[in-house]
Amino acid sequence: MIREIHIFKEGQTLFKDIIVENKDIDTDSVMTLVASSAQNLQEWKIDSTEINRYRFVYMNSHNAQFIVTMDRQSSLQKVNEAMMSLVSRFMMVFESTLESDEWKSTDFTPFGIGFRKIVGTIPVKMCLAGHGGTGKTTLLELATLPSRGPAQEYVPTFFGDKALLKADFDPYIFSIFDLGGQDRFVQEWGKIIRSGSLVFIVTDSTEANLEWTKRIAYPVLKAELPYARAIAIANKQDLPGALSPQEVAGKLGVPAYGMQANQLDFRERWLELIRALAFEELEFKIVGEIKETE
Amino acid sequence: MPEGLAVLKWDDELGPIVTIRTPKKLKIGLDPTTSMRAYGIATLGETKESQKPGFSSLAFEDFKLAVYYGGLNMHLKGLPSMVFLVLHPEEDPDVYKDALPEIATQIFLNAENDAYEKMVAPLYKQISRYTQMTAEQQQASVLTDPVRRGIIQILMKNGTVLSADLEQVIFEEVGKKIDVDIVLRPLVKMGIIATGWVEGLSSEVIYLTRALFVLRTVSHNIVRAVLESDLPKDATESYLESSKEYHRDYVARLRNDLFKTVWSDAEEIGKYMLDFDTYDLIQVLRRSPIEMKQLPEMISLSNAKIKKKLSTLEKANIVTRIKDGNKQQHVILKCNPEVVTVYPEWLIQRTVDQYNSEIIASQQAKHYLEVLKQSHPSQMKLIAELE
């Protein structure tokens, strides 16, 4: 998932577009550092560096430095391709401007439309992780197949499922991966979840399920996606004895949000949770930093 | 006949995606849920280290899938790694157990720069013929593949080679790294090679158990049939003389440069055997000499096509035409092109020599001699008798 772009020339910012802010680092200092590395790059060569959960992909062209910030574990190859195409697009319009002094007085904001279009070509990968029967497939269908109506019967998912979600999340689109929750499939998650940006830990809000999640799911998630953002979905809140989202959050060490995936009325809430996690507008945890508190 | 064929690759953001399909309108069996399941079946229990290619089949309500998976290595690198055949619900996927891996291998070998995309439609057209391939044609397909032919040439010289060395040889031949398992699989299946691990060696070892090549033999059936036919005496004598002369020359060429003669024939004759129309013609002519005018009744080819194929076979010195007293043309095999496998007896001494001059590790030599002992015809006969 691409988060930001900064374009510099001679220490000045020509253009920047921040879709999701890098909140836990000093972006200005990092940009100064990365831009100076980019200056030393050969024309059209791409390089990258990682800090915390971010990766900064950079390129130098016509003495302008292009820096794209992405989630650290997203597909580098795709961001490299995106970088090539966005610099090409930029140069098509502004090449002659950069070659004269005109750039000092040019408004580069129209480039924002092209940039966001390119961002939208790389789906944000989100993974629904949890034990069998907690409602992952129902959540997948609630988001992507609302006309079908939520499934009322439990059919175990073999290996995994996936669907594309295009909603009002401009510029992003999402690819949702529903991970088979039977014990034999958990060890297979590693083959599916690579490059994931968002993890939804789906629980049925029972003690036993939370124990399973910590014991079985956490080690795989922490090993494979340590830099992804995570929240817990405290599903099946309508069932008697369901633990509250606060209780689920306390036991899992991850902010938890209540849900009833088998109710179509909850679709808006579900989409809002997806959106808010992608744009970092709700409380979440980084997978590698999850500590089970109770 | 299957509904269609599709090639899939793993995309980290999108999961399995169809890179190409044929026919273009093919939709059934390619939905995301099905392709995820197929990936699941293919990769279940595999680790990065195991990454074995393999065939599997899945049955759904409205269709079946025959799937060949190229290995986790390709999956994780985002290269085309799965080839699907979509079948009618009443079709048996196992029919394609040999043909699909063959087609998939051709696709995987041409994965770079998407070169395979142009090959998919013609390969799909051949799929039903592939299922009807005789054992001889399957062997011929090995000999026409330059990579596999190269491997057999190396093994017929040295008998045994390390998988890592073979990987390098393949790299030099095709200019890219290819999963050795995919290349060797049909050879193992045909009993041409065996593989095994030897203590102290870091790489798997490949052994030749049967040599594979093409020979132009004298068909005694045909000679007898010509002698017993109603052909005029001078025509018969002319055929026998030309055939004798041809074989005398052929044997001289074998003596002069065995390697060159055998492998140039393997490449050329292998192609004729893989051309189903030409092969049908050879098969008919292996039974007896045929009057030219009878050929269209015996094989389902047009006159023009028969003439074209015959002319090719004539140029290749496989077929000859003679006229009888009534000026009727008769088509006769000049030589019988045969794909043969033989026990590589010469490799026993060669292995001992290689061991003595420390060209191969002692364990490897001992293991190969054991393999040769077990695959010796006398042992095979004994096993067959016991069974």
Side-chain angles (χ1 to χ4, degrees), chain A residues 1-2 70-71 73-79 81-82 119-128 137 140-141 144-145 148 151 155-166 172-180 182 184-198 224-225 228, chain B residues 6 8-19 27 29-54 56-61 63-65 67 69-82 84 111-114 179:
Chain A
M1 174 180 142
I2 293 177
M70 61 187 272
D71 285 344
Q73 288 190 278
S74 298
S75 161
L76 181 58
Q77 189 197 339
K78 283 205 180 139
V79 176
E81 285 165 12
V119 170
T121 60
I122 306 174
V124 178
K125 183 168 180 174
M126 55 177 269
C127 304
L128 307 179
T137 306
L140 175 82
E141 291 180 354
T144 59
L145 293 166
R148 187 188 283 183
V155 180
T157 300
F158 180 89
F159 187 67
D161 202 351
K162 60 147 191 170
L164 215 53
L165 172 65
K166 290 177 186 169
Y172 297 125
I173 57 165
F174 292 81
S175 59
I176 310 180
F177 285 75
D178 161 19
L179 311 177
Q182 308 293 305
R184 64 183 174 133
F185 295 130
V186 177
Q187 298 315 313
E188 308 292 325
W189 287 1
K191 292 171 197 160
I192 308 176
I193 65 180
R194 289 193 325 157
S195 300
S197 283
L198 314 176
E224 299 291 339
L225 292 177
Chain B
L8 284 90
K9 71 173 182 180
W10 181 265
D11 178 292
D12 278 343
E13 262 82 16
L14 293 165
I17 52 169
V18 176
T19 63
K27 274 194 181 142
L30 302 180
D31 60 283
T33 306
T34 305
S35 46
M36 277 292 278
R37 276 188 198 178
Y39 255 104
I41 290 275
T43 66
L44 209 61
E46 277 203 52
T47 62
K48 274 182 204 174
E49 289 71 36
S50 65
Q51 56 181 262
K52 282 201 181 85
S56 51
S57 60
L58 289 95
F60 297 88
E61 208 168 298
F63 61 91
K64 280 182 184 162
L65 292 179
V67 179
Y69 176 63
L72 200 59
N73 195 24
M74 299 172 84
H75 164 110
L76 294 177
K77 282 182 188 161
L79 291 167
S81 59
M82 199 152 75
F84 264 17
E112 260 173 49
N113 304 322
D114 301 331
D179 193 336

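Per chain, numbering begins at 1; letters A, B, ... match sequence-line order.
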One should read off an interatomic distance between B/L44 CG and A/R184 CZ, to the nearest 0.5 angstrom, of 6.5 Å
When rounded to the nearest 0.5 Å, the distance separating NZ of A/K191 from CH2 of B/W10 is 10.0 Å
Item to check | Any side-chain heavy-atom pair of A/I192 and B/M36 under 4.5 Å | outcome: yes
When you measure from the side chain of [X] to the backbone of [Y], do you find a donor-acceptor pair of N or O atoms at a distance under 3.5 Å?
{"X": "A/K125", "Y": "B/D12", "answer": "yes"}
{"X": "B/E13", "Y": "A/S75", "answer": "yes"}
{"X": "A/K162", "Y": "B/P16", "answer": "yes"}

Tightest non-hydrogen contact, residues B/P32 and A/D161, listed as C-OD1, 4.3 Å
Which region of [X], side chain (C-beta onward) or backbone (N, CA, C, O), has a non-hydrogen atom less than 4.5 Å from a non-hydrogen atom of chain B, or is it both or neither?
{"X": "A/E188", "result": "side chain"}
{"X": "A/L164", "result": "side chain"}
{"X": "A/F158", "result": "both"}
{"X": "A/S197", "result": "neither"}

Review point. Hey, mind stepping through B/T33 and A/T157 against side chain to side chain contact (heavy atoms under 4.5 Å, CB included) and telling me if it holds?
Key: CA-CA 10 Å; B/T33 306; A/T157 300; over 6 Å; no
Checked B/L14, B/D11, B/I41 vs chain A; the most non-hydrogen pairs under 4.5 Å come from B/L14
Looking at A/Q77, I'd like to know if its CD atom is crowded, meaning that more than 12 non-hydrogen atoms belonging to other residues, nucleotides or ligands lie closer than 6.0 Å. no
